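This is a predicted model, so every value here is computed, not measured.
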Amino acid sequence: MQLIKIFWERREFFLVCLLEHVRISLTAIVCAGVLGILLGIFISGRKKAAAVILGIINVIYTVPSISLLGFLIPFTGIGNKTAVIALTVYGLLPIVRNTYTGLTNVDAGILEVAEGLGSDGRQVLLRIRFPLALPVIISGFRNMVVMIIAMGGIASFIGAGGLGAAIYRGITTYNMTLTAAGSLLIALLALLSDWLLSKAEKAVNRRYGIG
């Protein structure tokens, strides 16, 4: 009852926070998705570069999120920009790794046939390797989206918007209902995104006869 009451009484506040959370998360998702796929494609044919880049991303991934935000503040200030940068960095690992894994695990026999038929490197990538790797890439993208939405709650600690503002305000005012309401909305947003992407993943898998 308390949750329903606070949602109703502060509906405008929660709506503003929700829209801001979606905006921050979506910006980071697009940035991480584009950069991650491009990096995955780049390293898929370069084993030495793959080891270095994946190693760097793995190391960054082990840094606590609040520490990364604190490190970025002197360079990018407080607010949404720093939150987007941090979330983008954290979102790189699953999408880079899955793109690399998907592209490098395409059946070598298929690639040999394509090359034998006169396809150049770009045609093989766009028409064969990338489509066949798409189910794996979407799986990584799905993990990345859920992670970014969930981690978006820390953005308020550096002055950014989003549903984390409700959590932060609840903590500072000892209002556990407000904290629970913000956490619940983040969880529901992450679950909804995961459900929608699971439908896309299943559609791709059906198209390529997987599962």
Tell me whether [Y] is reachable from [X] by hopping between hydrophobic residues (I, L, V, M, F, W, Y) whose side-chain heavy atoms are closer than 4.5 Å.
| X | Y | result |
| --- | --- | --- |
| L19 | I148 | no |
| I6 | L185 | yes |
| I24 | V16 | no |
| V52 | L92 | yes |
| V136 | M144 | no |

- Message: Looking at W8, is its backbone amide N or carbonyl O close enough to the side chain of R11 to form a donor-acceptor pair, meaning the two atoms are under 3.5 Å apart?
- Response: yes

Taking all non-hydrogen atoms of both residues into account, name the closest pair between [X] and [Y] and its distance.
| X | Y | result |
| --- | --- | --- |
| T62 | V59 | OG1-O, 2.5 Å |
| I95 | G33 | CG1-O, 4.3 Å |
| K81 | T76 | CE-O, 3.5 Å |
| L18 | L163 | N-CD2, 3.8 Å |
| I37 | T99 | O-CG2, 3.7 Å |
| G182 | F14 | N-CE2, 4.3 Å |

Return the [atom1] to [atom2] distance between [X] and [Y], rounded to the nearest 0.5 Å.
| X | Y | atom1 | atom2 | result |
| --- | --- | --- | --- | --- |
| N143 | L93 | CG | CG | 10.0 Å |
| Y100 | N105 | OH | CG | 8.5 Å |
| L184 | T177 | CG | OG1 | 12.0 Å |
| I57 | L39 | CD1 | CG | 6.0 Å |
| I41 | I137 | CD1 | CD1 | 7.0 Å |
| I85 | F75 | CD1 | CZ | 11.0 Å |

- Item | More than 12 heavy atoms from other groups under 6.0 Å of OH on Y168 |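 No.
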
Is any side-chain heavy atom of [Y] closer than 4.5 Å to one of [X]?
| X | Y | result |
| --- | --- | --- |
| V89 | Y61 | no |
| M176 | I171 | no |
| T82 | F71 | no |
| F42 | I53 | yes |
| R169 | N175 | no |
| I138 | L197 | no |
| L178 | F13 | yes |
| R97 | T101 | yes |

- Kindly state each residue pair satisfying side chain to side chain donor-acceptor pair (under 3.5 Å) with at least one member in residues 13-23, sequence neighbours excluded.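 Qualifying pairs, neighbours excluded: E20-R23, E20-N80.
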
- Note on the structure: Applying salt bridge (Lys or Arg N to Asp or Glu O under 4.0 Å) to R142 and not counting sequence neighbours gives D194, E201

- What residues form a salt bridge (Lys or Arg N to Asp or Glu O under 4.0 Å) with R46, not counting sequence neighbours? none

- Query: Any chance the side chains of T104 and S44 put a donor and an acceptor closer than 3.5 Å?
  - Reply: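 The criterion, which ignores hydrogens and geometry beyond distance, is not satisfied for S44 and T104.
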
- Do you know which of I29, L134, V146 makes side chain to side chain contact (heavy atoms under 4.5 Å, CB included) with F141?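 That would be I29.
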
